[in-house]
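Have a look at the structure below, then the notes.
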Amino acid sequence: MKKPGDFRRLMLGAAMVAGAVSAMIAAGSMLELDRAAHKAVSDLSSGSSTQPNPPERQTSKPPKMDFSKGYDAPNRPGYMVERTPEDIDKTEPDALPQPRPNPSPNVGSIPKLNPEPLPHAEPPANTELAWQKFATHVPDTGSAPVIAIVIDDAGIDKPRTERAAELPGPITISYLPYATHLPEQVATARKRGHEILLHMPMEPTSRTVDPGPHALLTSYDKVAILNEMTWMLDRFTGYVGVNNHMGSKFTSDPERMAVVMQVMKSRGLMFLDSRTSAKSVGYQEAGKYSVPAIERDVFIDDADDAGKISAMLDRVEHVASKRGYAVAIGHPRDLTLEALTKWIPKMQAAGFIFVPATDIVRRTGVKVTG
């Protein structure tokens, strides 16, 4: 049997052991805290931190958006312009981009088209046709040489299109159907005495060049062509006719250009062949359907270069002087607009008269060649 004193000594010993253990734990905790505090001070003095870095502020400018597929951006030099070998200085062998190999289109066999005219293709008799109704009329110019300036690719770059509409004229402005605010843009140009065309996108030969949405393709059958043309021709009104945007491949296809001319005939429109290809049959097909038609003589700004633009304007003057008239196409670009702003008054002072495209149709009634 244990004595009461032994029990008290046992309890006292246990308490002392527990206290020692607690002291050791506390000392260890203090040591860890001291180490942590020391490390924090060290980190602060060295500029580092164990805490996650706060997100950095985005100070860099956002990347420029690629509008090459959006078609609602300012035109850039060469933007949506189809270059053709016959319009390029032969001293520049590398002027044309090297196209990628053309993959076989996944469209199967191209259907043959019905060459017969569309139902009710003939406009009613004794009616004023669209190319006459919306034409800009000019006084009789007598024997003076005349020049028709056409600015196409219009409507996308609105500030530069507005500058084109401020040119002395009259000139002819051709609007892309997939531009926005077309009725307003066209109304402004017409109030200033300019004539209006619809710049209809058509398939180019090179698959590296994009003509834009709703372009007419050689893989389309007659129904598809009619559907796309209806969409484009109904985008706005007040135009006298159509000229092709790109289209070196499509305008070389007689069957499909025949469908285009049937529509031109049914709507009372004229056709300006931009001649993006020497193989174009646009003018010939227009004649088969009695569609008023002319052809482009000179591309003013195939190269976005002030010196070459000046040389092309000299060529326009030469053609007009020699033959009595000339048809020139340019684009709403800074260098082109600056050159025309100075050149037009100079030519007017020299006795040349600027006329809309329909005046060339009335004046000649025959093929306009360069």
Side-chain angles (χ1 to χ4, degrees), residues 112-138 140 146 148 150 152 172 174 177 195-202 216 218 220-234 237-245 247 250-297 323-327 329 355-370:
K112 290 292 183 180
L113 302 182
N114 182 0
E116 296 181 1
L118 300 173
H120 311 294
E122 292 289 339
N126 301 321
T127 60
E128 190 176 32
L129 303 180
W131 78 273
Q132 300 165 325
K133 177 181 178 181
F134 298 116
T136 296
H137 297 283
V138 294
D140 182 18
V146 298
V150 180
D152 63 21
T172 303
S174 188
E195 198 164 81
I196 308 299
L197 290 174
L198 188 149
H199 199 31
M200 185 169 287
M202 300 181 184
L216 303 182
T218 54
Y220 286 172
D221 61 14
K222 188 171 186 177
V223 173
I225 293 172
L226 295 177
N227 287 341
E228 295 291 21
M229 288 189 69
T230 298
W231 182 88
M232 291 187 276
L233 292 168
D234 289 348
T237 188
Y239 53 87
V240 297
V242 165
N243 77 312
N244 54 292
H245 172 55
F250 192 92
T251 59
S252 301
D253 188 316
E255 288 183 307
R256 280 150 187 80
M257 286 303 295
V259 178
V260 171
M261 295 310 156
Q262 291 174 30
V263 176
M264 297 292 100
K265 179 68 173 179
S266 68
R267 294 200 178 215
L269 299 170
M270 63 161 285
F271 181 71
L272 164 60
D273 192 340
S274 303
R275 287 195 62 80
T276 56
S277 169
K279 298 179 181 180
S280 174
V281 296
Y283 184 85
Q284 291 87 335
E285 291 301 316
K288 292 178 183 179
Y289 290 90
S290 300
V291 173
I294 56 177
E295 290 182 300
R296 180 271 310 165
D297 293 311
R323 198 185 50 196
Y325 56 88
V327 180
I329 293 180
V355 298
T358 53
D359 187 78
I360 304 295
V361 173
R362 290 191 182 90
R363 175 180 303 274
T364 65
V366 297
K367 182 178 179 180
V368 178
T369 59

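Computed from a prediction, not measured in an experiment: that's the story for all the values here.
Residues satisfying the side-chain hydrogen bond (donor to acceptor under 3.5 Å, both in side chains) criterion with Asp140, sequence neighbours excluded, are absent altogether. Contacts of Ala357 classified as side chain to side chain contact (heavy atoms under 4.5 Å, CB included), with partners at least two apart in sequence or in another chain: Thr172, Glu195, Met270, Ile294. In this structure, Phe250 has no ring-ring contact (aromatic ring centres under 6.0 Å, His included) partners at least two apart in sequence or on a different chain. For Ser174, the side-chain hydrogen bond (donor to acceptor under 3.5 Å, both in side chains) partners at least two apart in sequence or on another chain are Asn243. In this structure Lys288 satisfies the salt bridge (Lys or Arg N to Asp or Glu O under 4.0 Å) test together with Glu285, sequence neighbours excluded.
Put simply, the side chain of Met232 reaches to within 4.5 Å of the side chain of Pro201, judged on heavy atoms. Between Asp152 and Leu272 there is no side-chain heavy-atom pair separated by less than 4.5 Å. Taking 4.5 Å as the limit, some side-chain heavy atom of Leu233 sits within range of a side-chain heavy atom of Leu269. Residues Met257 and Met202 are in side-chain contact: their nearest non-hydrogen atoms beyond the backbone lie under 4.5 Å apart. Using a 4.5 Å heavy-atom threshold, the side chains of Thr136 and Val240 count as separate. Here the side chains of Thr358 and Phe134 are not in contact, with every heavy-atom distance at 4.5 Å or above. Here the side chains of Asp359 and Tyr325 are not in contact, with every heavy-atom distance at 4.5 Å or above.
With Tyr289 contributing its side chain and Val260 its backbone, the two residues share no donor-acceptor pair below 3.5 Å. In terms of modelled atom types and a separation under 3.5 Å, the side chain of Ser274 and the main chain of Thr276 share no donor-acceptor contact. One N or O on the side chain of Asp297 and one on the backbone of Val327 form a donor-acceptor pair closer than 3.5 Å.
A side chain to side chain contact (heavy atoms under 4.5 Å, CB included) with Met229 holds for exactly one of Arg267, Met200, Gln262; it is Met200.
Atom CG of Leu197 and atom CD1 of Ile329 lie 9.0 Å apart (nearest 0.5 Å). A distance of 12.5 Å separates CG of Leu226 from OH of Tyr220, quoted to the nearest 0.5 Å. Going from atom CG of Leu129 over to atom NZ of Lys265 covers 7.5 Å, rounded to the nearest 0.5 Å.
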Stepwise salt bridge (Lys or Arg N to Asp or Glu O under 4.0 Å) test for Glu295 and Arg275: CA-CA 7 Å; Glu295 290 182 300; Arg275 287 195 62 80; 3.0 Å; yes

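Considering every non-hydrogen atom in both Ala293 and Tyr283, the closest pair reads O-CE1, 3.2 Å. Of all non-hydrogen atoms in His199 and Asn244, the two that sit nearest each other are CE1-O, 3.2 Å. A pairwise comparison of heavy atoms in Ser280 and Gln284 identifies O-OE1, 3.8 Å as the closest pair. Shortest non-hydrogen contact noted between Ile360 and Val146 is CD1-CG2, 4.0 Å. Shortest non-hydrogen contact noted between Ile196 and Gly238 is CB-O, 3.7 Å.
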